[in-house]
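Everything quoted here is computed from the prediction, not taken from an experiment.
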Amino acid sequence: MISRNMHQGNQTTISEFLLLGLSNQAEHQKPLFVLFLGMYLVTVAGNGLIILAIGLDSYLHTPMYLFLANLSFADISSISTSVPKMLVNIQTKSQSISYESCITQMYFATLFVVIDNFLLGVMAYDRFVAICHPLNYTTIMEPRLCLLLTVIPWVLSNTVSLTHTLLLLRLVFCDSNTLPHFFCDLAPLLRLSCSDTMINQLVLFIVGLSVITFPFALILFSYVCIVRDVLRISSTEGKWKAFSTCGSHLTVVLLFYGTIVGVYFFPSSTDPDNRDKIGAVLFTVVTPMANPFIYSLRNKDMKGALRKLINVKRRSPFDTLGI
C-alpha cells in the first residue's frame with residue numbers, strides 16, 4: 001500500500017517505502033525470522049563479549065585491541081542497522097518504512113561498512129609496525145597516534161556516508177516506492193529514483209573505489225613487508241609465532257575482500273537486486289557474526305581474556321566474599 005503522497009507540480013514524492021525483504025514467499029518468513037534472529041543474537045553477544053573482555057583485561061589495553069574493540073562495535077552497529085527492522089517487519093507482516101527512517105538507515109548502513117574497511121587497513125598497519133619494527137613499536141604507536149588512527153576512520157566514514165546521503169536527498173521518487181531489499185541500501189534506492197542519478201552513480205563509483213583501494217593498498221603493503229621480514233627469521237618456531245600474531249586479522253581481511261570480489265566482480269546472479277541482497281547479507285550479517293569467532297579461536301590472548309571473563313561471570317557473589 002502506497003502511503004499519502006505530497007504533490008509538487010507534476011511530480012509525486014512518496015513519503016514511505018515498502019521493503020520486500022529477502023523473500024516474498026509466506027512459507028519462507030518464519031525460517032528467515034528464526035535464522036536472522038539467531039544470527040543477530042550471536043553477533044551482538046560475540047562482539048559484545050570481545051568489547052567487554054578488552055575493556056576489563058588490562059593486558060589487552062594495547063593499540064591492536066583498541067582497534068579490534070572499534071571493529072566489534074562497528075559490527076554490532078552494522079547488523080543492528082538492518083536486521084531488527086527486518087525482524088519487526090516479518091513479525092508484524094508490515095513492509096513499510098518511512099522516508100526519513102529509510103534515509104537514516106541508508107546513512108548508517110553505509111557508515112558501518114565503510115568503517116570496517118578503514119579499520120582493517122589501520123589494523124594491518126599496526127601489525128606491520130609490531131612485526132617489522134618491534135623494538136620501536138611503543139614509540140611509533142604512541143597514544144596520540146592511536147587516537148588519530150581511531151578517530152580518522154570514523155570521520156572519513158561519516159564524510160563518505162554524509163556525501164551519499166546529501167546527494168540522495170536531491171533525488172525524486174515518483175510512483176514506485178517498492179524496494180526489492182530487506183533494508184534501505186544505496187544502490188536499489190538509486191535504481192528506484194525517477195531523477196537523473198548520473199552524479200550519484202559517478203560519486204558512488206569514485207568514492208567507492210577510493211574507499212576500497214586505499215585501505216587495501218595499505219593492507220597489501222603491510223603484509224608484503226611482514227612476509228618479507230618473517231621469511232628472514234631462521235627458526236620455524238619464530239616464523240610461526242610472527243605469523244600467528246596477524247593470522248586473525250588476515251582471515252578477516254580475506255573474508256571481507258573475498259566477499260567484494262565474489263559478489264561484485266564474479267557475481268553468481270546477473271540480477272542486480274539479487275546481487276545487492278547477497279552482498280548486503282554477507283557484509284552486514286555474516287561478516288560481523290564471523291569476526292568474533294575468528295578472533296576468539298585464532299588469538300591466544302583473546303581466548304584467555306574471554307575465558308577469564310566467563311569464569312568471573314560464573315563465580316557467585318558469595319565466592320568473592322569467601323563465604
Side-chain angles (χ1 to χ4, degrees), residues 41-80 112 115-154 157 215 218-219 222-223 226 229-230 237-238 240-256 287-315 319-320:
L41 293 175
V42 168
T43 302
V44 172
N47 284 289
L49 279 173
I50 284 180
I51 295 171
L52 199 57
I54 292 170
L56 295 177
D57 193 336
S58 58
Y59 183 72
L60 299 182
H61 292 175
T62 63
M64 181 175 79
Y65 292 107
L66 168 67
F67 303 140
L68 176 57
N70 273 267
L71 183 67
S72 292
F73 175 75
D75 284 342
I76 291 174
S77 303
S78 179
I79 195 170
S80 298
F112 294 120
I115 190 69
D116 267 15
N117 198 24
F118 284 135
L119 285 173
L120 288 175
V122 167
M123 293 169 79
Y125 175 73
D126 174 74
R127 292 298 82 206
F128 158 71
V129 176
I131 293 172
C132 299
H133 304 281
L135 299 178
N136 298 320
Y137 179 75
T138 53
T139 306
I140 296 172
M141 299 299 290
E142 58 167 347
R144 187 182 299 175
L145 179 61
C146 290
L147 182 62
L148 278 174
L149 290 176
T150 304
V151 172
I152 288 173
W154 285 100
S157 299
L218 180 59
I219 292 167
S222 298
Y223 276 103
I226 287 170
D229 280 28
V230 168
E237 185 182 349
W240 174 250
K241 187 176 180 181
F243 275 128
S244 66
T245 62
C246 53
S248 300
H249 175 259
L250 187 57
T251 305
V252 173
V253 166
L254 291 174
L255 177 63
F256 188 87
T287 302
M289 184 182 70
N291 286 353
F293 291 101
I294 293 169
Y295 277 99
S296 61
L297 292 175
R298 295 185 61 88
N299 189 297
K300 191 184 294 183
D301 294 335
M302 184 54 63
K303 278 193 285 188
L306 289 172
R307 199 175 293 117
K308 281 196 289 184
L309 181 64
I310 292 167
N311 288 337
V312 167
K313 285 188 172 183
R314 283 179 179 173
R315 195 181 304 160
D319 292 335
T320 59

Phe256: ring-ring contact (aromatic ring centres under 6.0 Å, His included) partners, not counting sequence neighbours = Phe283
Gap separating the OG1 atom of Thr251 from the CG atom of Leu255, nearest 0.5 angstrom | 9.0 Å
Which pairs pass side chain to side chain donor-acceptor pair (under 3.5 Å) with one or both residues in residues 130-143, sequence neighbours excluded?
-> Asp126-Tyr137
To the nearest 0.5 Å, atom CG of Leu71 lies from atom CG of Leu119 at 6.0 Å
Between Cys146 and Thr150, which heavy-atom pair has the shortest distance, and what is it?
-> O-OG1, 2.7 Å
Applying side chain to side chain donor-acceptor pair (under 3.5 Å) to Ser78 and not counting sequence neighbours gives none
Rounded to the nearest 0.5 angstrom, the SG-CG distance for Cys132 and Asp229 is 4.0 Å
Show me the donor-acceptor pairs within less than 3.5 Å that the side chains of residues 48-59 make with the rest of the protein, sequence neighbours left out.
residue, atom, partner, partner atom, Å
Asp57, OD1, Tyr59, N, 3.0
Asp57, OD2, Lys308, NZ, 3.2

Sorted by first residue and then second, give each salt bridge (Lys or Arg N to Asp or Glu O under 4.0 Å) pair with at least one member in residues 61-73; sequence neighbours left out.
-> none
Step by step, work out the side chain to side chain contact (heavy atoms under 4.5 Å, CB included) result for Tyr125 and Ile140.
-> CA-CA 11 Å; Tyr125 175 73; Ile140 296 172; 3.8 Å; yes
By side chain to side chain donor-acceptor pair (under 3.5 Å) - contacts of Tyr223 (at least two apart) | His249
From Cys246 SG over to Met123 CE, what is the distance, rounded to the nearest 0.5 angstrom?
-> 11.0 Å
Taking only residues two or more places apart in sequence or in another chain, which ones pass side chain to side chain contact (heavy atoms under 4.5 Å, CB included) with Ser157?
-> Leu111, Val114, Ile115, Phe118
Residues which pass side chain to side chain donor-acceptor pair (under 3.5 Å) with Asn291, listed by chain and number, not counting sequence neighbours | Asp75
Go through the structure and list residues passing side chain to side chain contact (heavy atoms under 4.5 Å, CB included) with Ser222, not counting sequence neighbours.
-> Ala124, Phe128, Leu218
Name all residues meeting the side chain to side chain donor-acceptor pair (under 3.5 Å) criterion together with Ser80; count only those two or more places apart in sequence or in a different chain, and write none if there are none.
-> Tyr40
Report the residues that fulfil side chain to side chain contact (heavy atoms under 4.5 Å, CB included) with Leu147, sequence neighbours left out, ordered by chain and then residue number.
-> Val151
Would you indicate whether the side-chain heavy atoms of Val122 and Pro153 approach each other to under 4.5 Å?
-> yes
Does the pair Leu145 and Met141 meet the rule for a side chain to side chain contact (heavy atoms under 4.5 Å, CB included), with working shown?
-> CA-CA 6 Å; Leu145 179 61; Met141 299 299 290; 4.1 Å; yes
Separation between CD1 of Ile131 and CD1 of Ile226, rounded to the nearest 0.5 Å = 4.5 Å
